[in-house]
Number of protein chains: 2
Amino acid sequence: MKLLYHPDREEIHLSSVLYALSDPVRLLIVSELSRIGESACGDIGLPVVKSTVTHHTRTLREAGIIRTRAQGTQRFLSIRRDDLEYRFPGLLTSILEAFDSSEEAAKLREAARNEE
Amino acid sequence: MKLLYHPDREEIHLSSVLYALSDPVRLLIVSELSRIGESACGDIGLPVVKSTVTHHTRTLREAGIIRTRAQGTQRFLSIRRDDLEYRFPGLLTSILEAFDSSEEAAKLREAARNEE
DNA sequence: TCTATTGTTCGATAGTAATCAAACTTTAGA
DNA sequence: TCTAAAGTTTGATTACTATCGAACAATAGA
């Protein structure tokens with residue numbers, strides 16, 4: 001397996017983080033990780049196919065938002081809370097609160113349920 | 001002159017806001033507006049040509065982040081603080097604090113000075 | 001060893017976007 | 001009425017991206 005690149009704490013850039021979080025599917029991924037904690041890709045209900053999930057998780061990982069840990073055939077994802085809080089205090093919290101109370105989140109979660 | 005579209009408070013969406021703020025030049029525009037208050041486009045020192053500024057200010061306006069007021073040949077820009085705070089409490093503050101203390105901001109401000 | 005599971009890679013498609021230069025519009029003021 | 005100033009529009013370029021399906025790789029377990 002390829003080595004999974006994770007940027008150093010100091011190499012996490014605001015514009016990349018905001019870009020990564022500007023996609024609804026990626027917001028849903030992060031919101032779910034925040035809600036249920038570390039999870040395998042496949043355990044997160046998402047309204048897109050596997051290869052698209054890979055694309056999004058790579059975007060989030062390379063932006064420094066999530067950490068990917070390989071175990072067997074699975075990839076476990078978790079939020080890099082400490083690093084994000086260190087770099088951008090309060091940012092993730094306000095974004096997730098806004099997302100979780102949005103219509104957009106509700107619609108996506110429903111789309112994900114219908115895909116199952 | 002065309003009518004300038006501004007989304008209603010309730011039509012401001014998180015992903016559009018994050019997308020609009022994921023561009024360094026647009027972050028600089030918002031940061032400058034926050035620092036010096038309402039300003040004409042041309043009074044904000046930016047490292048890009050006029051037509052590109054128009055593009056970026058339209059993106060910010062259509063995302064609901066800034067308001068554009070026409071007066072004479074000028075367009076005065078200001079941040080929609082109340083609407084943003086209502087929709088996404090704490091978000092803009094944490095983004096601007098992160099940006100203002102970043103290397104990225106320093107570099108852009110220097111590039112803008114050299115363009116003058 | 002064979003197979004099912006989990007996720008990645010690759011190729012294609014269709015859409016979007018950041019940038020610039022050049023031409024244009026609108027307005028203020030001489 | 002002319003002209004200069006401030007932005008906008010348009011067209012071109014270049015680059016990226018969200019998505020899917022199909023083929024692939026790696027691993028756990030029977």
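Labels below follow one simple rule: chain letters A, B, ... track the order of the sequence lines, proteins then strands, and each chain is numbered from 1.
Salt-bridge check for Glu38(B) with Arg69(B): passed, with a basic side-chain N closer than 4.0 Å to an acidic carboxylate O.
Looking at Glu104(A) and Ser15(B), their side chains do bring a donor and an acceptor atom within 3.5 Å of each other. Defined by atom type and a distance below 3.5 Å, a donor-acceptor pair is present between the side-chain atoms of Ser34(A) and Arg81(A).
Contact check, His55(B) against dC20(C): no side-chain N or O comes under 4.0 Å of OP1 or OP2. Checking the phosphate oxygens (OP1, OP2) of dT8(C), a side-chain nitrogen or oxygen of Thr54(A) falls inside 4.0 Å. The phosphate of dA18(D) (OP1 or OP2) has no side-chain N or O of Thr52(A) nearer than 4.0 angstrom. Residue Arg75(B) places at least one side-chain N or O under 4.0 Å from the OP1 or OP2 atom of dT8(D). An OP1 or OP2 oxygen of dT19(D) is reached within less than 4.0 angstrom by a side-chain nitrogen or oxygen of His56(A). Side-chain N/O atoms of Arg26(B) include one lying less than 4.0 angstrom from OP1 or OP2 on dA18(C).
One interatomic measurement links the two molecules: CG of Leu46(A) to P of dA18(D), which rounds to 14 Å at whole-angstrom precision. Note: OH (Tyr5(B)) to P (dT8(D)) measures 18 Å, nearest angstrom. Rounded to an integer number of Å, the gap from CZ of Arg69(A) to P of dG7(C) is 12 Å. In this structure, Arg58(A) atom CZ and dT6(C) atom P are separated by 21 Å, rounded to whole Å. In this structure, the CD atom of Glu62(B) is 13 Å from the C1' atom of dT8(D), given to the nearest Å. Rounded to whole Å, the distance from CG on Asp43(A) to P on dG7(C) is 7 Å. We find that CG of Asp23(A) is positioned 17 Å from P of dG15(C), with the value rounded to whole Å. A straight line from CD of Gln74(B) to P of dA28(C) spans 10 Å, rounded to a whole angstrom.
The side chain of Lys50(B) approaches dT8(D) more closely than any other nucleotide in the set dA5(D), dT8(D), dA26(D). Of all nucleotides listed (dA6(D), dT6(C), dG7(C)), dT6(C) comes nearest to the side chain of Thr73(A).
Rounded to the nearest 0.5 angstrom, Glu85(A) CD and Arg80(A) CZ are separated by 14.0 Å.
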Worksheet item: Where do Glu103(B) and His13(A) land on the side chain to side chain contact (heavy atoms under 4.5 Å, CB included) test, with the steps shown first?
Response: CA-CA 9 Å; Glu103(B) 254 185 77; His13(A) 294 111; over 6 Å; no

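Ranked by how close their nearest DNA chain D nucleotide is to the 5' end, Tyr19(A) and Gln71(A) are led by Tyr19(A).
Side-chain atoms of Ser51(B) come within donor-acceptor range of the base of dA21(C), with a qualifying N/O pair under 3.5 Å.
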